[in-house]
Structures are given as structure tokens and as C-alpha cells.
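Data block below; observations after.
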Amino acid sequence: MKTILRKTLLYKSGVEYADFCINHVEGCAHGCTFPCYAMMMKIRCGVIKNYKEWLRPKIVANALELLDKEIPRYKHKIKFVHLCFSTDPFMYKYPEVADLTLKIIERLNRDNIRCVVLTKGIYPKVLVNTKKYGENNEYGITIVSLDERFKKRFEPYSAPYKDRIKLLKYLHEKGLKTWISMEPYPTPNLVKQDLRKILKEVSFVDKIIFGKLNYNVESTQSGYTGEFYQGCVNIVIESCRKNDIEYHIKYGTQKKDNRKTEKIFVKNIFENLNLKYTKQSTLSL
Ligand code: SF4
């Protein structure tokens, strides 16, 4: 795998539910064609030339050295670190990416910094070793369909849906916190599917974030407007309430945004400090 060097790594994200973020790979072999917003931005800024170049990821070789410098500088400001918004931390069939991601999670956890992780790949089972990786991380996968034909067209080189879910369920069964990013949810002209079925399949998770599809011409021109997404939002909320799942609906997806739920990954002060309440209400590290 090719490598690059960066000057900085940790940055404050503008995504509504995020805090700090890390992207330790340039490009992403999953090659999503929704399209991928990160790829569009990199092309617009002249960082990469085209889709073909985006598909050949380059790892940030000095990521851990940068973290050693940046953690002391930002530690007091960080509520959690999101991996990743502009690449995939467990890129399917890229063990070098997974290895570096595991080292980054371990490094952050060592300083009591929680990680909120999102992938269209497969989680390695070693994450259940909470002595090494901590127990307060939140592990998520993107699931917007269960239809592999849809995946082939829109997320061509990512992991099969069933394998993603299987490993997430494994982490859940071992006591780790799990979540689903159901974004960008496709309009019916792109795939005919039952949202309730998808929600049922992932009803074991702790949190769900739901958002509409943007920047897709076929979808925009299809005539599926706010009504379609409002209907989806109602189904998501109903299912989350029934299954005791926390949720956040991305801004612009429903008629009236709910700003109260955007801090879905922010913990109370005691959890942030990695402290636990015992039954006797005493605190222990
Ligand atoms: S997984 Fe994410 S970063 Fe990778 S191509 Fe798809 S949308 Fe882009």
C-alpha cells in the first residue's frame, strides 16, 4: 500500500453529531457511488484527480507520531474522536488499514479518549479485548439496505451487509456499544425495500442515526421529496422507541429538525472521565 505523510491529524469536525475526527488514510477502496461526498471534496480541492485514484488508498505513515504530539494539545477539549468521515477505518480487504486503526484506537484509549467508529467493512474480533481497547468506544456500521444488488451498484467494494451485521452483533454480544448509520438512505426509485425489515435486522444496537440521500441526481429528479423521508423518519422513531434505541435524525431529513438529539455520542461527565458508578453510588476508576 502506498503511504503519505501529513502535518496534522486530529481536527474538530463540522458534522452535527461528531466532535474531533481522524482520517488516517487518503482515499477509500469501497468506491461508493451515491456519490461519496469525501471523494467529491478531494477532487474539488485538487487532492486527487478522479474516482480511479480515490480507489487506491494511501495510508498516513506518520499517524501515530502525529497523535503523540496532538493528544496532549487537544486532550482537554476532546469529548470523543470519530473514525472516520473521509475514509473507512476498517476498509474491506485492507489489513494494513485495520492494523493502523487498531493502533490508533489503542493509543487514544490509553489517554482515556473514547472512539466512535464507523465502517462499511468488518470489525476485527480483537476489539473485545477491553484491556487493550477500552470498553467505552462505540462501534458502528453503515446499513442503508439489505439488498446485495443495491450494494453492488452503490457500495461496490465494501463488505457484504450480512457480514458487517454479523460482526457488529458479535461485538454487541460481548458487551460493547454498537450503532448504525442509516445514511444516505436511498429513495424507492433506486431500490425497493422495506425499511422495517432493515430496522428489525439491526434492532440489537444502542443507537441509530438516520439521514436522507443528498447529491444524487437520479434520486433528486425522481420526485421523492420530503413526504417520503418524513414517512421513513416516523418508522425509524417508532422502531427505536419500541426497541429502546437512542436515535438522531440528520438535519434536513424531516420537516422540523430536532436539535436535542444531535449530542447522541456525548456522555455525561463521569462517563467522559471513564469513571463508573457502583451500586453504592461511590466512584471507582
Ligand atoms: S465508505 Fe465512505 S469514504 Fe469510503 S467511498 Fe464509501 S462513502 Fe466514501
Side-chain angles (χ1 to χ4, degrees), residues 1-2 4 6 9 11 13-18 21-45 47-60 63 81-98 100-101 104 115-124 138-165 167-168 179-187 190-191 202 208-219 250 252-253:
M1 233 179 130
K2 284 195 175 168
I4 54 165
R6 287 240 179 97
L9 196 68
Y11 69 96
S13 168
V15 175
E16 66 205 49
Y17 61 83
C21 185
I22 284 178
N23 295 297
H24 49 289
V25 182
E26 185 79 57
C28 180
H30 289 166
C32 300
T33 59
F34 291 108
C36 169
Y37 180 75
M39 181 196 71
M40 290 196 310
M41 287 300 112
K42 295 282 177 179
I43 293 175
R44 192 177 293 172
C45 298
V47 180
I48 57 156
K49 287 191 200 71
N50 49 36
Y51 180 68
K52 219 171 143 189
E53 191 178 342
W54 180 251
L55 287 181
R56 290 192 299 261
K58 302 174 200 88
I59 215 154
V60 178
V81 173
H82 190 105
L83 297 94
C84 304
F85 281 122
S86 302
T87 187
D88 196 297
F90 289 104
M91 210 175 287
Y92 191 45
K93 297 186 177 169
Y94 277 80
E96 303 96 318
V97 173
L100 181 56
T101 301
I104 288 174
C115 297
V116 174
V117 192
L118 180 63
T119 185
K120 288 186 182 122
I122 294 177
Y123 278 111
E138 305 199 39
Y139 299 106
I141 57 169
T142 303
I143 290 288
V144 294
S145 179
L146 298 172
D147 185 335
E148 289 296 328
R149 284 166 306 176
F150 173 84
K151 193 198 87 65
K152 205 171 168 190
R153 184 174 164 208
F154 287 96
E155 311 171 17
Y157 311 114
S158 60
Y161 293 135
K162 64 172 182 356
D163 296 340
R164 280 184 223 177
I165 295 171
L167 262 296
L168 192 73
W179 65 286
I180 294 288
S181 169
M182 212 171 249
E183 191 204 8
Y185 192 76
T187 45
L190 302 180
V191 61
V202 296
I208 290 180
I209 291 182
F210 182 85
K212 69 181 181 120
L213 172 59
N214 297 306
Y215 317 112
N216 183 294
V217 182
E218 228 182 300
S219 174
K250 284 284 295 286
T253 302

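These figures come from a predicted structure and were not determined experimentally. Indexing begins at 1, ligand by ligand and atom by atom, following the structure's order. Side-chain atoms are counted along with the backbone in the values below, which use heavy atoms only and exclude waters and symmetry mates. Starting from 1, each residue takes its place in the sequence as its number.
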**Request:** Could you tell me whether a side-chain N or O of T33 sits under 3.5 Å from a main-chain N or O of R153, the two making a donor and an acceptor?
**Result:** yes
**Residue pair S86 / N23: nearest heavy atoms and the distance that separates them** = N-OD1, 2.8 Å
**Fill in**
Numbered in order shown, the ligand 1 atoms found under 4.0 Å of a heavy atom of W54 are 5 (S)
**Prompt:** Counting each atom of ligand 1 from 1 as listed, which ones have a heavy atom of G31 under 4.0 Å away?
**Reply:** 5 (S)
**Item:** Any A38 heavy atom less than 4.0 Å from ligand 1
**Value:** no
**Asked** Does ligand 1 have an atom that lies less than 4.0 angstrom from a heavy atom of M39?
**Response** no
For [atom], what is the closest protein heavy atom, and at what distance to 0.1 Å?
atom: atom 8 (Fe) of ligand 1; value: C36 SG, 2.3 Å
atom: atom 1 (S) of ligand 1; value: H30 ND1, 3.5 Å
atom: atom 2 (Fe) of ligand 1; value: K120 NZ, 3.8 Å
atom: atom 4 (Fe) of ligand 1; value: C28 SG, 2.3 Å

**Message:** Take a 6.0 Å sphere around OH of Y51 and say whether it holds more than 12 heavy atoms from other residues, nucleotides or ligands.
**Reply:** yes
**Prompt:** What orientation do H82 and W179 show, parallel under 30°, tilted 30 to 60°, or perpendicular over 60°?
**Reply:** perpendicular
**Request:** Report yes or no: do H24 and T101 form a side-chain donor-acceptor pair below 3.5 Å?
**Result:** yes
**Modelled atom types, side-chain donor and acceptor of Y37 and N214, under 3.5 Å** = no
**Request:** Look at C32 and state whether any of its N, O or S atoms is less than 2.8 Å from atom 8 (Fe) of ligand 1.
**Result:** no
**Item:** Part of T142 with heavy atoms under 4.0 Å of ligand 1, whether side chain, backbone, both or neither
**Value:** neither
**Item:** Side-chain heavy-atom pair L167, I141 within 4.5 angstrom cut-off
**Value:** no
